[in-house]
Number of protein chains: 2
Amino acid sequence: MKFETSCIRAEADHVQILRCKEDLNAVSTSIEAISKIMALAGNEVRFKILFLLQRETELCPCDFADILEMSVPAISQHLRKMRDVNVISTRREGQTIFYSISKENEAFLTSILSNIESERKIA
Amino acid sequence: MKFETSCIRAEADHVQILRCKEDLNAVSTSIEAISKIMALAGNEVRFKILFLLQRETELCPCDFADILEMSVPAISQHLRKMRDVNVISTRREGQTIFYSISKENEAFLTSILSNIESERKIA
DNA sequence: TATTTATTTAAGTATTTGCTTAAATTATTA
DNA sequence: TAATAATTTAAGCAAATACTTAAATAAATA
C-alpha cells in the first residue's frame, strides 16, 4: 500500500501532520512499553489480580483460583504474562509462590487502580 | 468444573479469600468499566491516537491515517471502538469529522498519558 | 444533478488470546 | 525414597482482534 496523504482537503495541515509524526517518534519506546502494560491490565481477570495484589500485598496462584473461581492453570498463565514484563514479581516459600506488584511499576499501577470505586461507582 | 478450594495447604487463609471475594464484588461494575477502557488503550494504535488527541485536541480520520501510516478504514474502526464506549467524541464540519477525547474520561486518560516520556524514557 | 471527497460499514482472513485438559516440575512430608 | 501438593508448561481449540479490499453513506462542488 502507498502512504502519502489520505485526504486531499485544503484544510489538511501538513505542518501539523509532520509535527505529530515527530512527536510520536520521540516517545515511541515509552508508548510501546506503556501500551504493553495497558494491554495486560485491560484483561478483566488480570485487572482483578492487580487490584487484589494492591490490597493484599501478596497472594499465591491457588488463592487467585479460589477468589476468582477459575482453574489454577488459567490463573498461572495470566500471572506468567504479567511476570514476563515485570509487572509482578515472585517470592518462593516452600512450594508456595507468592506474587506481588513489582516496585518498578507500582506507582503507575496505583495511579490506575486509584480510579476504581471512587468516582467511577455508577451502578 | 467445580470450584471449592484449589489448594489444601494449611496456610490457606479462608477469611482472606472470602474478604477478597467481597471486595471484588463491591467494585465489580467499576472494574469492568475501567478494564474495558484499559483494553482499548492497550492497543498501540489506539494508544497513539489518544496521545495525539491529547496534544492536538482534535483530529480527523485521515489525519490519523497520514500520521500513523495506516489505511483509513483501519483507523476508522479503531475510532469507532473508542467512540462506542464514549472514550472519544465527534464533531462534524462539512464532510470532515473531528474526533476528540470525551470530557467524561479526560481526567482518567490524562493521568495515564502523563506517564509517557517523562520517567519512562528509557531508550 | 453528477462527480468528487471524507468517512463508515461489511465481508473475509490471518493472528492472537484465553481457556481446557494432560503432563511435567519442584518441594514437602510420610 | 515414595507419595502428595503447588505450580508451571504444553497442546489443542473456540472466540476475539485487527487488518484487508470493496461497497455504501453523506456532504461539497462543478
Side-chain angles (χ1 to χ4, degrees), chain A residues 1-13 17 35-49 58-85 88-100, chain B residues 1-13 17 35-49 58-85 88-100:
Chain A
M1 212 201 279
K2 277 206 312 176
F3 288 116
E4 284 150 11
T5 35
S6 300
C7 55
I8 325 167
R9 71 184 200 284
E11 313 89 56
D13 184 341
I17 303 286
S35 76
K36 185 128 200 155
I37 296 179
M38 303 280 292
L40 288 172
N43 174 282
E44 203 172 319
V45 171
R46 288 190 295 262
F47 195 54
K48 285 177 178 172
I49 287 176
E58 58 177 17
L59 289 166
C60 67
C62 72
D63 285 335
F64 290 119
D66 288 348
I67 297 166
L68 300 175
E69 297 181 3
M70 290 178 61
S71 74
V72 172
I75 291 292
S76 182
Q77 283 159 25
H78 280 301
L79 292 171
R80 189 182 206 295
K81 285 186 186 185
M82 293 197 281
R83 201 192 144 170
D84 280 350
V85 294
I88 56 179
S89 314
T90 54
R91 166 179 88 80
R92 170 157 236 149
E93 193 176 308
Q95 32 185 348
T96 304
I97 293 178
F98 288 100
Y99 283 83
S100 57
Chain B
M1 213 203 277
K2 278 205 310 177
F3 288 116
E4 285 150 11
T5 35
S6 299
C7 53
I8 324 167
R9 71 184 200 284
E11 313 89 56
D13 185 339
I17 303 286
S35 75
K36 185 130 200 152
I37 296 178
M38 302 280 292
L40 288 173
N43 174 283
E44 203 172 319
V45 171
R46 288 190 296 262
F47 195 54
K48 285 177 179 172
I49 287 176
E58 59 177 17
L59 289 165
C60 67
C62 73
D63 284 335
F64 290 119
D66 288 348
I67 297 166
L68 301 174
E69 297 182 1
M70 290 177 61
S71 73
V72 171
I75 292 291
S76 182
Q77 283 158 25
H78 281 300
L79 291 171
R80 189 182 207 294
K81 287 189 182 184
M82 294 196 280
R83 201 193 143 168
D84 281 349
V85 294
I88 56 178
S89 314
T90 54
R91 165 179 89 80
R92 168 156 237 148
E93 195 176 305
Q95 32 184 350
T96 304
I97 294 179
F98 288 101
Y99 283 82
S100 57

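A, B, ... follow the sequence lines: proteins, then strands. Residue 1 opens every chain. Remember, predicted model here, so these are calculated numbers, not experimental data.
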Nucleotide C:dT20, atom P - distance to CD1 of A:Ile75 in whole Å:
10 Å
By nearest atom, which of the nucleotides C:dT8, D:dA27, D:dT7 is closest to the B:Arg92 side chain?
D:dA27
When you measure from the side-chain N and O atoms of B:Lys81 to the phosphate of D:dT17, is any distance below 4.0 Å, counting only OP1 and OP2?
no
Taking NZ from B:Lys36 and C1' from D:dA16, how many angstroms apart are they, rounded to a whole number?
12 Å
Calculate the interatomic distance between B:Glu44 atom CD and D:dT17 atom P; express it in whole Å.
18 Å
Please confirm whether the shortest side-chain N or O distance from B:Ser71 to OP1 or OP2 of D:dT20 is below 4.0 Å.
yes
Between C:dA10 (C1') and B:Gln77 (CD): distance, integer Å:
9 Å
Length of the CG-P vector between A:Leu59 and D:dT7, whole Å
11 Å
Counting only side-chain nitrogens and oxygens, does A:Tyr99 get under 4.0 Å of the OP1 or OP2 atom of D:dA6?
no
Locate the shortest heavy-atom distance separating B:Ile88 from B:Leu79; write the atom from each residue and the value.
CD1-O, 3.5 Å
Rounded to whole Å, the CG-P distance (A:Asp84 to D:dT8) equals 11 Å
Determine: side-chain N/O of B:Arg83 to OP1/OP2 of C:dT8, distance under 4.0 Å, yes or no.
no
Checking contacts here: which listed nucleotide (C:dG18, D:dA18, D:dT21) is nearest the side-chain heavy atoms of B:Pro73?
D:dT21
Kindly say if A:Ser76 contacts the phosphate of D:dT7, meaning a side-chain N or O under 4.0 Å from OP1 or OP2.
no
Calculate the interatomic distance between A:Ile97 atom CD1 and D:dA6 atom P; express it in whole Å.
12 Å
Is the CZ atom of A:Arg83 crowded by more than 12 outside heavy atoms at less than 6.0 Å?
no
So, for A:Tyr99 and A:Pro61, which heavy atoms are closest and what is the spacing to 0.1 Å?
CE1-CG, 3.7 Å
Please figure out whether A:His78 or B:Thr90 has its closest DNA chain C nucleotide nearer the 5' end.
B:Thr90
Is there a side-chain polar atom (N or O) of B:Asn43 under 4.0 Å from OP1 or OP2 of D:dT17?
no
State whether B:Arg46 and B:Glu44 are salt-bridged, where the test is any N-O pair (Lys NZ or Arg NE/NH1/NH2 against Asp/Glu carboxylate O) under 4.0 Å.
no
When you get a sec, tell me which of C:dA27, C:dT21, D:dA26 is the closest nucleotide to the side chain of B:Gln95?
D:dA26
Rounded to whole angstrom units, what separation is found between the CZ atom of B:Arg91 and the C1' atom of C:dT7?
15 Å
Under 4.0 Å between any heavy atoms, over every strand shown, what does A:Phe64 touch: base, sugar-phosphate, or nothing? Just pick one.
nothing
Under 3.5 Å donor-acceptor, A:Arg92 side chain and A:Gly94 backbone
yes
For D:dT8, take OP1 and OP2 only and decide whether either is under 4.0 Å from a side-chain N or O of A:Arg80.
no
